[in-house]
Structure formats: structure tokens, C-alpha cells
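The block underneath contains the structure these notes are about, expressed in C-alpha cells.
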Amino acid sequence: MITLDSVTKVYPDGTTAVQDLSLTIPAGDVAVLVGPSGCGKTTTMRMINRLVDPTSGRVIVAGRDTATVDPVQLRRSIGYVIQQVGLFGHQTVRRNVATVPILLGWRADRIRRRVDDLLDLVGLPPETYGDRYPHQLSGGQRQRVGVARALAIDPPILLMDEPFGAVDPIERARLQQEMRQLLIDGDTTVVLVTHDIDEAVRLGDRIAVMGPTGHLEQFASPLEVLGRPATPFVADFVGSDRLVRLLGVTAIDVRRLQPLHPDDGSAPQLPMAATLREVLAAILSSDSGRVRIGDAGVLTMAGVRETVQAAIAGA
Amino acid sequence: MIAWFGDPSHWQGSAGIPARLLEHGVICLWSMALAITIALPLGVWLGHVRRLGMTVTSVGNLGRAIPTFALLILLASWEPIGVSDLAAIIALAVFAIPPILTNSYVGIREVDARATDAARGMGMTGRQVLQQVELPLSVPVIAAGVRTATVQVVATATLAALVGGGGLGRFVVDGFGRQDPTLMFAGVLLIAITCIAVEGAAAALQRVITPRALRPPTPSLLPRHRPAPSVLWKTTAALDTPPPR
């Protein structure tokens with residue numbers, strides 16, 4: 001669990017980066033800090049591993065005030081991935097991933113096994129990629145190495161600063177998908193910084209929307225942030241198409257299904273696990289405006305709208 | 001000239017070519033050792049703490065502006081040092097410091113900030129960041145500074161002979177004094193050959209100490225991208241054609 005308690009950061013030049021920010025991130029959750037550039041989201045994240053020390057307030061990680069913990073020891077227990085990765089160009093992929101285990105003095109064979117497992121996990125077979133150098137990899141591959149490096153000691157906390165910022169949209173979507181798989185049932189607490197609300201919605205269990213003056217505007221589930229923005233700033237930031245974004249994270253509700261009709265044989269079909277976004281796309285391409293959800297029933301435009309409104313009301 | 005080099009007596013004794021070469025080498029080694037000991041740690045440390053960038057640049061420029069010859073005469077005429085190899089060693093060290101200091105500072109300073117940030121964020125101490133990230137990544141730049149300084153020092157060590165020191169400069173200075181153009185020219189030739197040899201050795205050494213991933217690709221004798229002949233021809237044709245009115 002990570003708790004920020006009335007944290008303020010004022011830089012020596014007088015800029016207030018973060019202003020009286022309090023939030024609690026439960027263990028195992030993925031919390032996304034999102035906001036326009038200069039809103040203090042990166043500073044907030046960097047205060048968790050003491051790359052930045054708060055001017056006032058407390059940061060509590062695993063029950064201890066970080067101000068009382070040696071920053072080097074603290075950082076070794078927290079995974080860290082930054083934009084454009086910051087891989088060490090003079091070291092092989094294996095050596096990069098092994099950084100923290102080496103700092104912690106693990107035995108060589110244990111490091112070797114762990115590193116190879118991690119490279120497999122992030123989709124870079126070690127026998128092919130292990131001995132390459134960062135400049136021999138694509139942007140997406142470098143990003144994967146960065147993630148493997150951060151996960152090396154299976155840290156209880158993972159900090160990620162715009163981890164998918166430097167890759168093309170297709171690769172980004174794939175990485176986000178894989179990251180979700182990796183984190184979804186893990187007990188790792190993740191703090192991810194992004195300026196992309198869609199990324200926040202896709203990955204976050206909870207989203208912290210930060211305003212221009214380093215002020216926390218809303219800290220809630222994606223559903224709530226999109227469905228019921230707490231302030232005009234949040235409403236503006238998530239956009240007038242916020243409910244369309246919401247479709248991507250809303251599940252099908254059986255109660256909104258209509259019974260199957262004999263004519264529905266030719267209607268497009270989707271599994272129960274589909275999101276409303278996929279359902280809507282199928283409705284738009286369907287002649288009858290009806291989409292079969294397995295054998296459970298049929299969704300129409302009205303059903304989609306009811307599901308979204310019920311989801312917002314229940315959030 | 002060939003006869004001079006062919007004369008066995010010029011290859012023997014304390015005034016022979018091997019002895020003068022050795023003297024030259026000793027002067028260069030001492031001055032480089034002195035310059036590296038002072039400039040390298042200082043530049044690396046200042047680059048690591050990211051301080052005094054202006055001062056380093058100023059010292060670098062100022063150092064280049066100091067006339068080595070004038071400094072040499074000044075040192076030689078100062079009683080505690082006097083006319084000796086020592087004056088040359090100190091003057092040459094002063095001459096070698098700017099490129100080493102500047103390159104060490106810049107080399108460390110210019111290491112990708114994302115790499116050092118990631119290193120710190122993963123829990124490296126300042127010393128570990130320096131040893132494991134900043135120093136290896138800046139080897140090419142730092143080594144280039146040392147290499148430049150070395151070649152300059154080897155060439156300039158010729159001046160040592162002017163203040164009564166040894167080295168290859170003796171042939172030139174003595175040749176000048178005795179109005180012996182052959183001796184003078186032989187000296188110049190020896191100095192030039194030595195410089196080229198040292199430059200080659202320094203380049204090889206630089207390559208060896210550079211981490212594999214940071215080495216430039218082996219230079220090929222053939223240019224890699226040759227413009228297609230048609231393009232060349234078009235360019236020429238375009239130049240020949242008078243502009244339309």
C-alpha cells in the first residue's frame with residue numbers, strides 16, 4: 001500500500017509542482033496518474049521512490065514513512081520504468097535486466113534463471129535477444145527489456161513513467177494489452193504516469209486526474225472518472241466523448257439482453273467477454289441493428305445505452 | 001639524408017636516435033601522467049555532480065590560450081626548476097590538461113540522462129552510477145581527449161630541447177645551431193614519424209578500451225553510400241544549364 005499524505009513539492013525556483021496531495025493506493029492495484037504536461041504527475045511518482053523529496057507532507061510505503069528509509073534501499077525494492085527506458089547502451093539485454101539482482105548480490109545461476117524467465121515473459125526469447133545490445137533492438141523491444149528489468153526482483157511496487165510513450169500506436173496497444181495480462185491478477189502495486197486518458201482507462205484500477213497546478217482533481221475508478229467527472233477540469237480533460245471511451249471498459253450486462261429472435265441467425269455474434277465498444281461496432285455494421293451475444297441473447301443500441309447509464313449510476 | 005640515417009654512429013650512444021627517442025618518450029610519459037592525474041578525476045567528478053560547467057569550459061579555453069613556449073621559458077628561468085626536462089614536463093602537462101579536463105567533463109555530463117535516472121531509480125548509489133553507467137558510456141569521449149592531448153604533447157615535446165632538455169628536438173635545435181640542414185631535417189622527420197606512430201597506437205588503444213557496443217563500426221575502405229552516377233550527372237547538368245529567363 002502507498003499513501004501520500006498532504007504532499008507538497010515546491011522546487012527551488014519557486015514552481016509548485018504538487019500541491020497538498022493526498023491519496024491512498026491499495027496493495028495490488030494499478031493506479032494511473034494522468035493529466036496535462038506540467039501537472040506534477042511525474043514529480044508525484046518520483047516522490048514515491050525518493051528521486052524527489054517532498055517539501056512537506058509524508059509518503060508512506062509498506063507502512064513506513066519513506067523519509068526515514070535509506071533511499072538506495074527503498075529504490076531497490078521498487079521497480080522503475082521510464083519513458084524511452086534508459087537502458088544501459090554498453091550492456092547486453094541480459095546484463096541490463098540483471099541490474100537490480102546484481103546490486104542485491106544474487107548468485108550468478110539464480111540471476112541467469114530469473115533473467116531468462118523474465119525475457120520469455122516479455123516475449124523476447126533469451127537465446128535470441130539475451131546477448132544483443134540495446135541499439136540492436138526496436139523501440140518496442142527496448143520497452144519490453146525495460147519492463148523485464150523493472151520486474152527483475154518481483155518488486156511489490158512498480159513505478160512506470162510514460163512507459164509506452166516512445167512506440168508506435170500498434171505496438172503501444174499490444175504492450176498495453178500484455179501489461180494488463182501481466183498485472184491483472186498480480187499482487188504488484190503499480191503507479192503509472194501518462195498523459196493519455198485512454199491508456200489510463202485501459203490499464204488503471206483507479207485513476208488520479210491531476211490539474212494544471214499540481215492539484216488532485218479526482219481519484220476514482222475509470223468508470224467513475226468517465227461517467228461522473230468530479231470537477232469541470234476533469235470533464236474537460238476526459239473530453240466530450242468520455243462516454244464513448246467508457247464503452248471500451250464496460251462489460252456486457254446480461255440483464256440488458258433481449259431474447260433471441262428466429263431472424264437473429266444472420267446477426268453478428270460476439271462472446272460474453274466482449275466490451276460494449278466491440279458490441280457497438282458490431283451493431284453499426286449489422287443490418288438489423290442487433291448483435292448476438294453467444295446464445296445468451298441479443299444486444300441492441302438501446303441495450304448498450306442502458307448498460308452505460310446503469311454502469312454510471314452504479315459507480 | 002639517407003646517408004645520415006644509414007650512419008651506424010647515429011644509432012648509438014647517448015646522442016643516438018634510440019636514446020633521444022627514449023628521452024622524448026620519458027618527457028611525454030611524465031607530462032601525460034601529471035596531466036591525467038590532475039584533469040581526469042577532476043573532470044569526471046565535476047561532470048558527475050554536474051557543477052561548474054562554465055568554469056571547466058573557461059579553464060579549457062584559457063589553457064589553450066597559454067603559449068606553451070612562453071611558459072616553458074618562464075619555468076626554465078625560474079630558479080627552483082631551471083633549465084631541465086622538468087620545465088618541459090610541467091609546461092607540457094599544462095598544455096595537455098585542457099583537452100583531458102574538457103572531454104572528461106563533457107563525456108560524463110553528456111551521458112544519456114535517462115540512463116542515469118534509471119540507474120538511480122533502481123537503487124544505484126552515486127558511486128555505482130558513476131562506475132557502472134557514466135564512466136563506461138563516456139569512454140569514447142574521454143579517450144578521445146586523452147588521445148588528442150597525447151599526440152599534441154608528443155609533437156610539442158620537441159620544445160624541451162630549447163631549454164636544455166633531451167628528446168628528438170635536440171636534432172632540430174642542434175642542427176639549427178650548427179647550420180646543418182641534414183641534421184635538422186632528419187630530426188623533423190623523426191618527430192613526424194613518432195607522432196604518426198603514437199596517433200595510430202592511441203587510436204588502437206582507444207578502440208580496445210571502448211565497450212564493444214559503443215565502438216564505431218570498422219571503417220571500410222570503400223565508401224558505403226556512393227551516389228548513383230545518374231544523380232551525379234544530373235547535378236552537373238543542372239549546373240551547366242543556364243537558368244531560364
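Keep in mind it's a predicted model, so treat the numbers as computed, not measured. The chains referred to below are lettered A, B, ... by the order of the sequence lines, with proteins before strands, and numbering in each begins at 1.
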### Nearest atoms (heavy-atom pairs only) where B/Ala118 meets A/Gly86
CB-O, 3.6 Å
### Message
I'd like to know which of B/Pro211, B/Ala115, B/Pro136 tops the heavy-atom pair count under 4.5 Å against chain A.
### Response
B/Ala115
### Query
Looking at B/Gly123 and A/Arg76, what are the two nearest heavy atoms and their distance?
O-NE, 2.6 Å
### Query
So which part of B/Ala113 gets closer than 4.5 Å to some heavy atom of chain A, the side chain, the backbone, both or neither?
neither
### Query
Less than 4.5 Å apart, any side-chain heavy atom of A/Ile153 and any of B/Met122?
no
### Message
Is any side-chain heavy atom of B/Met124 closer than 4.5 Å to one of A/Thr99?
### Response
yes
### Task
Examine whether an atom of B/Gln132 lies under 4.5 Å from a heavy atom of chain A, and if so say whether it belongs to the side chain, the backbone or both; otherwise answer neither.
both
### Pairwise distance NE2(A/His90) to CG(B/Leu137) - rounded to 0.5 angstrom
5.0 Å
### Task
Look at atom CZ of A/Arg64 and say whether more than 12 heavy atoms of other residues, nucleotides or ligands are closer to it than 6.0 Å.
no
### Query
Does a side-chain N-to-carboxylate-O contact under 4.0 Å join A/Arg46 and B/Asp117?
yes
### Query
Between A/Val100 and chain B, which part of the residue has a heavy atom less than 4.5 Å away: side chain, backbone, both or neither?
side chain
### Region of A/Ile78 in contact with chain B, defined by heavy-atom distances below 4.5 Å
backbone
### Task
Side chain from CB out, backbone as N, CA, C, O: work out which of these in A/Gln136 comes under 4.5 Å of a heavy atom of chain B, or both, or neither.
neither
### Message
Using heavy-atom distances under 4.5 Å, tell me whether A/Leu87 contacts chain B through its side chain, its backbone, both, or neither.
### Response
backbone
### Message
For chain A, which candidate among B/Val111, B/Asp112, B/Thr210, B/Val133 shows the most heavy-atom pairs at distances under 4.5 Å?
### Response
B/Val133
### Query
Is the closest side-chain heavy-atom distance between B/Arg212 and A/Tyr133 below 4.5 Å?
yes
### Task
Give a yes or no on whether B/Trp30 atom CH2 has more than 12 heavy-atom contacts from other residues, nucleotides or ligands under 6.0 Å away.
no
### Message
Give me the atom names and distance for the closest heavy-atom approach of A/Phe88 to B/Ala119.
### Response
CZ-CB, 3.7 Å
### Query
chain B heavy atoms under 4.5 Å from A/Arg95: which part of the residue, side chain, backbone, both or neither?
side chain
### Query
How about A/Arg132: does its CZ atom have over 12 heavy atoms from other parts shown lying under 6.0 Å from it?
yes
#### Entry: chain B interface, residue from A/Gln91, A/Arg149, A/His135 that has the most non-hydrogen pairs under 4.5 Å
A/Arg149
